[in-house]
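First up is the structure itself, then whatever we jot down about it.
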Amino acid sequence: MRTRKQKIILAAKIIAATFLVMIIALFVFRNALLKQAIAKVSFKIERDYNSSFSIKEASFVGFSGVSLSEIILVPKNADTLFNIQKMKTSVNFWRLLIGDIQLGTLEIENGYVQLVKNKKGRNFEAFLKKDKNETTNANEKRDYAKFAYRIISKVLNLVPTDMKIENLSFRLNDNGNKTNINFQKLRLVNQQLETSIKVETNTFAQRIRIQGFADPRNKKTDIRFYNMDSGAIKMPYIDERFNLKSSFDSIRVNIQNIDKSGGELHIDGFASIANLMVNHPKIANKDVVIKNAKFDFRFLLGSDFISIDSSSTIEFNKVKFHPYLAYETEEDTIYKLKVAIPKMKAQDFIVSLPDGLFTHFQGMEAEGNFEYKLDFMFNKNKPNTLVFDSNLKKENLKITKYGEANLNKLNGEFVYRAIINNLPQRPILVGPSNPNYTPLDQISPYLQKCVLTSEDPSFFSHRGFINEAFKQSILKNIRTKKFSRGASTISMQLIKNVFLTREKTVSRKLEEILLVYILENNRIASKERMLEVYFNIIEWGPNVYGIGEASQFYFQKRPADLTLKECLFLATIVPKPKKFMWQFDNQGNLKTFANQQQKFLSNLMLRRGILIPEDTIGQSIPLTISGNAHSLLKLKVQDSIPVDSLAVEEPFEF
């Protein structure tokens, strides 16, 4: 009679023997099983993706290695997706038994992977389609931490611990925009990575090296990209595809920790770049260069949020700030952004501004310190609860020397030239020497009130910016998914017209914001002087600048003599002055929409107490354009023969 212990030992021996037999059987028949598996994959790819997949030779090497040759994937009626001449790899056998594929080694010789897009379509189109067998529950919320960790783990498991690659190319052909990235050599041995890469496009060729430390099993890496030749590394493809030129001297990427605990995923590390250059017409009209930048990051992912933790730090040159970004879905879909710039010297900030992005600040000098905080929150389901709070604290802040934009010129006589489509217009002398120049006290109070109400009601009380206007602008831009509304105050319009251009670039907008802040918060010019200059330079029609020219062009009057109805008209055409003629019908009368627009403005002014009912007496009298503007109206040509002359005369009686 066997004891309990003997029975357990016997059972263990039987299980071990069975397992050993299975391993031996698997080892004996593994080549047949491998060919059978390849056949199944080939059949599935042909059935589901209308593509041909073949491997000329396949066999096991040692206990867990696989050797393959001439691995080819060709979509029907399209270019080859990949062609690998030789590949050897090994997998972790014990991980494979639990269904987890983890590569141990990888060797590749001579091959290419190519993505082609042309008039016939894309050679990878079939592989982008959703799997028919894949089902998702629309009401089921995705656990971001769990999902991301699973993807990261699978990807890193496919990165071998030892790797040797020679002459493997990644090719891209996007309607003739070609890029070829050839890994002439790639070695990963004892966690040390070294590569030799040749990049060729339609416009340039260069050699790049990646070196550093890579430990995929422990989810850590520290690698550096740099040019093997002289000069910066150019970014391929995006220059021809998106007209975005960019380059850098070197990039370093460090991942220190990827850890999932307590339902949250933490990713810690840093990335740095030297001499980053970008050039795009929407950014600036010249190269924008950041000499040194670093991002110490901590990404946090939970079941219902993705965020960049506020302990993260972004540095460029001497500027350092802490960002906080979050996307939350616990109850509503919420986007959050917070930026905190700790106390720093104003001069350090000025000298740290990227070259090419703030050209009007070159040579500027400042004293004192400042700190800044921005708080933004947008609830997709409750848009009207939007939060936009911008707060700057100053400490003895003072501009001691101006750069290219000398804001003091607003206080004296100067020449203004509007720039339209990059072409300077005729010079306008802003000052008493110009007979059309009109001091503020000689401009109709009605016009001042109308323009202030329509363009900037709180001009005399704000400091260049209106938070509420920014909020409404952001809301509309989010709803329309484009930049369809700005939030320009008269101060911003003045800076844009006098010191900047009308180009729609990030550079111009950022310079506008900073210059307005300096103008308004250093009391460089009085509000009255700013408004006076504004009235004397803005465009009020085709080649019509300033209120002096405008009052003559439309009404043959001096600005002081304009009626309320005329002032309402002038105020409503400020946004699109060159198209004023479309407000009139072919009889020379204001169209219904134009009358309604002016009536809305006058009613708004009445409600706010800016006008009194007596001011609106005579508003029913039609507006008459009597100046040179009348010749631009699209009027119906009247017959010159009087209608009465067509009457038949009575016959003469004898």
Side-chain angles (χ1 to χ4, degrees), residues 91-92 94-96 98-104 106 113 115 124 127-161 163 170 188 191 193 210 212-225 251-273 293-314 322-339 376-381:
V91 297
N92 186 317
W94 304 110
R95 298 293 293 265
L96 186 62
I98 61 173
D100 188 6
I101 299 176
Q102 189 179 83
L103 294 185
L106 176 66
V113 178
L115 304 178
F124 51 92
F127 297 90
L128 298 179
K129 295 178 181 178
K130 191 174 181 180
D131 192 335
K132 296 178 182 179
N133 298 321
E134 183 180 345
T135 58
T136 56
N137 186 350
N139 297 320
E140 184 180 350
K141 293 181 67 174
R142 172 172 288 173
D143 186 322
Y144 298 113
K146 184 178 179 181
F147 175 77
Y149 190 71
R150 184 172 68 249
I151 295 298
I152 291 171
S153 297
K154 285 187 175 182
V155 170
L156 291 180
N157 280 340
L158 293 176
V159 177
T161 53
M163 188 163 34
F170 290 90
L188 177 58
Q191 300 177 352
L193 175 68
I210 305 174
F213 162 82
D215 184 1
R217 297 300 163 261
N218 291 309
K219 302 179 178 64
K220 294 182 179 181
T221 188
D222 187 1
I223 56 177
R224 182 170 174 260
F225 301 74
I251 287 181
R252 184 180 177 187
V253 178
N254 179 289
I255 304 295
Q256 299 169 349
N257 176 56
I258 299 178
D259 177 61
K260 185 175 181 295
S261 60
E264 289 188 356
L265 173 63
H266 299 187
I267 304 175
D268 303 295
F270 68 84
S272 62
I273 191 166
K294 185 180 180 183
F295 180 25
D296 284 288
F297 57 80
R298 188 176 207 204
F299 292 99
L300 297 179
L301 293 85
S303 60
D304 48 31
F305 73 88
I306 301 171
S307 71
I308 296 177
D309 190 69
S310 58
S311 61
S312 303
T313 304
I314 294 179
H322 301 289
Y324 173 75
L325 282 165
Y327 170 74
E328 301 175 357
T329 59
E330 183 177 6
E331 294 181 359
D332 296 327
T333 300
I334 299 175
Y335 302 86
K336 293 181 179 179
L337 167 65
K338 294 184 180 182
V339 174
F376 170 84
M377 188 274 291
F378 174 69
N379 187 326
K380 187 177 180 181
N381 302 323

*Kindly give the heavy-atom pair with the smallest separation between Ile255 and Phe297, and that separation in Å.*
CD1-CZ, 3.8 Å
*If only atom types and distance count, is the side chain of Thr221 paired as donor or acceptor with the main-chain N or O of Phe213 below 3.5 Å?*
yes
_CE-CD1 distance between Met377 and Ile334, expressed to the nearest 0.5 angstrom_ = 6.0 Å
*If you round to the nearest 0.5 Å, how far is CG of Asp215 from CG of Asp222?*
12.0 Å
_Closest approach of Gly263 to Ala145 (non-hydrogen atoms, all atoms of both residues)_ = O-CB, 3.6 Å
*asked:* Contact between Lys336 and Tyr324 at the side-chain level, heavy atoms closer than 4.5 Å - yes or no?
replied: yes
*Checking Arg298 side chain against Ser310 main chain: does a donor-acceptor pair fall under 3.5 Å?*
no
_If you count heavy atoms of other groups shown closer than 6.0 angstrom to NZ of Lys338, is the number above 12?_
no
*CD1/Ile251 to CD1/Ile273 distance, rounded to the nearest 0.5 angstrom?*
4.0 Å
*For the residue pair Phe295 and Phe299, categorise the inter-ring angle as parallel (less than 30°), tilted (30 to 60°) or perpendicular (more than 60°).*
perpendicular
_Does Lys220 have more than 12 heavy atoms from other residues, nucleotides or ligands lying within 6.0 Å of its NZ?_
no
_Less than 4.5 Å apart, side chain to side chain, heavy atoms only: is that true for Lys146 and Leu301?_
no
*For Gly302 against Asp143, the heavy-atom pair lying closest together*: O-OD1, 3.8 Å
*Would you call Phe376 and Leu325 a side-chain contact if the rule is heavy atoms closer than 4.5 Å?*
no
*Distance-minimising heavy-atom pair for Arg217 and Leu156*: NH1-O, 2.9 Å
*Report yes if the side chains of Glu328 and Ser307 come closer than 4.5 Å at any heavy-atom pair, otherwise no.*
no
*Point-to-point distance, once rounded to the nearest 0.5 Å, from CD of Gln256 to CG of Asp296*: 8.0 Å
*Mind checking whether Leu265 and Ile258 have side chains closer than 4.5 Å, heavy atoms only?*
yes
*Nearest heavy-atom pair of Thr333 and Asn381: which atoms, and what distance?*
N-ND2, 3.6 Å
*Would you please classify the geometry between the Tyr335 ring and the Phe378 ring as parallel, tilted or perpendicular, with 30° and 60° separating the classes?*
parallel
_Sidechain-backbone polar pair: Ser312 side chain, Asp309 backbone, donor-acceptor under 3.5 Å_ = yes
*Can you name the closest pair of heavy atoms from Phe305 and Leu300 and give their distance?*
CE1-O, 3.7 Å
*Could you tell me whether Lys294 sits above the aromatic face of Phe270, with NZ or CZ closer than 6.0 angstrom to the six-membered ring centre and within 45 degrees of the axis?*
yes
